[in-house]
**Student:** 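Right, I'll just put the structure down here and ask away after.
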Amino acid sequence: MTALAATLALGALAGCLEPDPDATGDDVGPDAGAEPALSTDELAIYDYATLPSNLRVAVVLYDFDDTGPNQGGAAPAVNRLPVADVVSAMFTGAGHDLATGSVSQYYYEATDNWMRVSGTVYDWTTLPRHQRVWRRSLGAATCMGGEAPRSLGGSYMCLDPVQPSNGLNTHLMGPVDPTRLCRAGSPSVLPFRPAGNDWCYDLDVVDADLVPTIKAAARSTCGTTDTGARRCGFDERDYDAVIYASPYDVQGTYPGGKTLFAEARVRSYAMYVFAHELGHFLGLSHAQTLVCGPANARVPYAASGCAVAAEYGDGSSLMSTSGYQLSGYEKLASGAISTASLRTITTSGQYAIAKLEQDSPTPRVLRIAVDNGKYFYLDTRHPTLFDGGLTGPFTQGVAVRLAPDHAQRWTHAGASTTWCGASCGAYLRVGSAQLLDMTPRTPGSFSDAPLLPGASYTDPARGLTLQVASKDPVTGGAVVDVTFRPADKKLFFYQPWAGTAMTYWQYAAGGIQYVGNVAGARRTWTHVVGANNGALLWYDAASGAAYTAYIDDGGQYRSRGSVAVGAGWTHIASAGRGNLLFYRAGVGSYMTATIDADGRFTQRSTGAGFDTSWTQITGTLHGGVVFYKASNGQLVTAKLDGMGRLTAWRTPAAAAAGYSHVVAARENGLMFYRASTGAARTAALDDHGDLAWKTTSAAWAAYTQVIGGPNGALFLYNATTGAAYTATMDAGYALRPVGTVGGISPGQIVASAGGK
């Protein structure tokens, strides 16, 4: 956050100009840009591991004195929502909708009858308008007061010293035809309704300097508590959050503090905005929709080529434009429900899911890991409580949303936005839940986004199929069939600069799926080698330190222990399930070893007298070994058996010179790849050590690492740029492109642990 031009933020992170659920379209407001500087008592962290049973909230009602000598007469009175209506909308309304319910009732239901909202509504206080409200300059070279317009977040604004009257046509204007839209530039799509007439109003931004003015004025006012008692003298320290509400189109949250802005002119809209802004206060972002693929070939999801369709697109959530309950991800992320309601799926099977609205021993949210630390979150709804008005596919099927780990937060401080852990010591938010369209052939509509019973979604790049087996119209629960195709290739990304790593599945079709993070690695490892049976070897060539581990059948990393291999090995090749060959270029010595599926290491044999200038040594799954020299294309092949013996030596015809990589794929397939030109050539190496050339290709970009696997899947990665690509080698040894992979950082060392 910056301390410049302290205006109320209306952006996606720290504040928002909320759409009116009673209108036909979203309100559109100025991008005020820079967030406000906060006083020390406003700075706080609201990252509730467990939500309080009582959230204390004050609503301070404020308006401006719109009469004065420059008015040419008094402007029409705006619609101040009566205090009794605000108390009802905030605390006492017992219904299950925006017209009859309350924020307290909403969150009590959303948190499984745990968290109430209590507090005070402080009566309307009237403030001088001067030097507190900004207005767009509308291209004027000078403002009304003679000063130059000020740039606030890309918009040029003037101080509005007085409230102009109807005739000056710069704020409230009208009367207008209530059936027609307001003119371009007004933040209200439909006419604003003050008492007695229909009016439109122009864009305005409240200056952050107004906050202490409102606080000071409210200290001498009295209010009505949630119990109906009278309380006088506002003190912000008595509350967890404070909502400053006016009859104007000003909504948002201050980053890191307890100050929120909302609108109080229509009862149902006031309840929506109060509840929505408190959702932001609890760390939630907007409920978005996501579209993937070109307009004429939409797909529900892809690792790249996706974009947010609408910031407020998911109309089934409070964090969009409705008064319905939060989505499953949003409930988990805000702490409204515990992780006991969540089931993470890693194996094929049939899974029951209970309706989201009420607690149940059956999980209410299912999730499946996909790309780059994100998950599919699945939930099903039932028309009850605040979802009573929800109809159609959302209550008939299962919705699928893309979101990060619900326990992950990002902190927004200064100019940076970074991911962090459960508590960062700064203002925290979770990511947006993005509703996926499971019926992408109806473009532009997310009302039919959920999967209905009998419908299925297949993602070949991730080896995943989802199908709704049934939906119970009485209990609201559903049953989902989840099928994972076999994924015997386990990718491992090591980040030397951070000492961390990530595990992924890669499928035969080429696509990859994020599994989990690994912490605590050294920053000095020079090699990370997969043994093609799930085992891994870490190695530091300078010190000779080595360490083994394995990736289990759930894709999780498991440590094993240190092993002694000595320093100076320049190449470590994996040949067959668990066979390793160590080679020292410039010396010509070698060592063989085996490492089992649980990471246990055994040294087998040593030797010397090899050629000292091999540039590539590659092993295949069946135990074949290829020695290649880039300077002249010389090749030697051999067989490495389970006892660590090198046999069946062959010297096939030389390959072309200059290949930078020789990569094993399929049981006995090889890919020769030249990074400088992108040219590739494939071959097959049989059990006798004989090599046969197959196909050629020249359509590849420059990659620094190429990782193959026994199922034919290839992963190509540029460590300089972070660009990544997947492909497959088919049964005829032809190379088939799959597509790009986004979100991979530069500078990683990539290995394949194979299958277990």
Side-chain angles (χ1 to χ4, degrees), residues 8 14-15 18 36 38-46 48 51-64 80-93 101-108 111 115-127 132 206 208-248 250-265 267 269-283:
L8 177 63
E18 308 303 350
L38 299 174
S39 63
T40 303
D41 66 331
E42 289 171 342
L43 292 172
I45 302 169
Y46 294 96
Y48 293 110
L51 292 179
S53 60
N54 179 33
L55 187 71
R56 302 165 304 161
V57 180
V59 180
V60 178
L61 302 172
Y62 72 97
D63 194 7
F64 299 110
R80 292 182 174 183
L81 190 63
V83 171
D85 286 354
V86 180
V87 172
S88 173
M90 192 70 206
F91 303 121
T92 61
S102 64
V103 174
S104 182
Q105 183 67 24
Y106 179 93
Y107 280 105
Y108 185 64
T111 59
M115 187 179 79
R116 289 287 193 185
V117 178
S118 66
T120 309
V121 176
Y122 289 90
D123 209 344
W124 289 97
T125 183
T126 302
L127 308 173
R132 290 295 178 265
V206 174
D209 289 341
L210 180 62
V211 175
T213 302
I214 301 174
K215 290 180 186 178
R219 290 189 188 107
S220 60
T221 63
C222 296
T224 304
T225 71
D226 56 284
T227 63
R230 197 71 172 156
R231 175 170 178 168
C232 297
F234 168 71
D235 188 338
E236 186 182 67
R237 293 171 295 183
D238 296 336
Y239 301 97
D240 300 308
V242 180
I243 300 174
Y244 296 96
S246 74
Y248 303 103
V250 178
Q251 297 107 41
T253 59
Y254 278 113
K258 59 171 68 174
T259 301
L260 299 84
F261 273 77
E263 187 173 333
R265 57 183 174 88
R267 197 258 189 222
Y269 185 49
M271 185 200 149
Y272 158 73
V273 177
F274 294 165
H276 180 107
E277 295 302 332
L278 280 176
H280 285 313
F281 172 79
L282 296 175

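These figures come from a predicted structure and were not determined experimentally. The figures here come from the full heavy-atom set of this structure, side chains too, leaving out hydrogens, waters and symmetry mates.
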**Student:** If every non-hydrogen atom of Leu278 is compared with every non-hydrogen atom of Tyr107, which pair is closest and at what distance?
**Tutor:** C-OH, 3.8 Å
**Student:** Quick one about Thr213 and Tyr62 (side-chain donor to acceptor, distance below 3.5 Å, no hydrogens or angles considered), yes or no?
**Tutor:**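 No, no side-chain donor-acceptor pair sits under 3.5 Å.
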**Student:** Scan for salt bridge (Lys or Arg N to Asp or Glu O under 4.0 Å) pairs involving residues 51-61, sequence neighbours excluded, and state none if there are none.
**Tutor:**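 The answer is Arg56-Asp240.
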**Student:** Would you indicate whether the side-chain heavy atoms of Val57 and Phe274 approach each other to under 4.5 Å?
**Tutor:**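 Side-chain contact under 4.5 Å: no.
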**Student:** Within the 4.5 Å heavy-atom criterion, are Val86 and Arg80 side-chain neighbours or not?
**Tutor:**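 No, their side chains stay 4.5 Å or more apart.
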**Student:** Using side-chain contact (heavy atoms from CB on, under 4.5 Å), reason through Lys215 and Val242 one step at a time and then give a plain yes or no.
**Tutor:** CA-CA 10 Å; Lys215 290 180 186 178; Val242 180; over 6 Å; no
**Student:** Can you tell me how far apart CD (Glu277) and OH (Tyr272) are? Round to the nearest 0.5 Å.
**Tutor:**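 Here the rounded value is 8.0 Å.
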**Student:** Report yes if the side chains of Tyr106 and Val117 come closer than 4.5 Å at any heavy-atom pair, otherwise no.
**Tutor:** no
**Student:** State, without any angle test, whether Ser104 and Ser102 hold a side-chain donor-acceptor pair at a distance under 3.5 Å.
**Tutor:**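 Their side chains do not contain a donor-acceptor pair, so the 3.5 Å distance test is not met.
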**Student:** In Å, rounded to the nearest 0.5 Å, how long is the span from CD1 of Ile243 to CZ of Phe281?
**Tutor:**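 The CD1 atom of Ile243 sits 9.5 Å away from the CZ atom of Phe281.
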**Student:** Using a 4.5 Å cut-off on heavy atoms from C-beta on, say whether the side chain of Asp226 contacts that of Arg116.
**Tutor:**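 Side chain of Arg116 against side chain of Asp226, heavy atoms only: no contact under 4.5 Å found.
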**Student:** Could you tell me whether a side-chain N or O of Tyr122 sits under 3.5 Å from a main-chain N or O of Arg219, the two making a donor and an acceptor?
**Tutor:** no
**Student:** Tell me yes or no: between the side chains of Asn54 and Ser118, is some donor less than 3.5 Å from an acceptor?
**Tutor:** yes
**Student:** How close do Leu55 and Met115 get, heavy atom to heavy atom, and via which atoms?
**Tutor:** CB-SD, 4.0 Å
**Student:** Minimum heavy-atom separation for Tyr244 and Glu236, please, with both atom names.
**Tutor:**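 Heavy atoms only, the tightest pair is OH-OE2, 3.7 Å.
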**Student:** Would you check if the side chain of Trp124 reaches a backbone N or O of Pro82 as a donor-acceptor pair within less than 3.5 Å?
**Tutor:** no
**Student:** So among Thr225, Thr221, Thr224, Asp238, which one has a side-chain hydrogen bond (donor to acceptor under 3.5 Å, both in side chains) with Arg231?
**Tutor:** Asp238
**Student:** Should the ring pair His276 and His280 be called parallel, tilted or perpendicular, given that the plane angle runs from 0 to 90° and is split at 30 and 60?
**Tutor:**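 Perpendicular, since the angle between the ring planes exceeds 60°.
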**Student:** Looking at Ala58 and Phe234, what are the two nearest heavy atoms and their distance?
**Tutor:**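 Between these two residues, the closest heavy atoms are CB-CE1, 3.9 Å.
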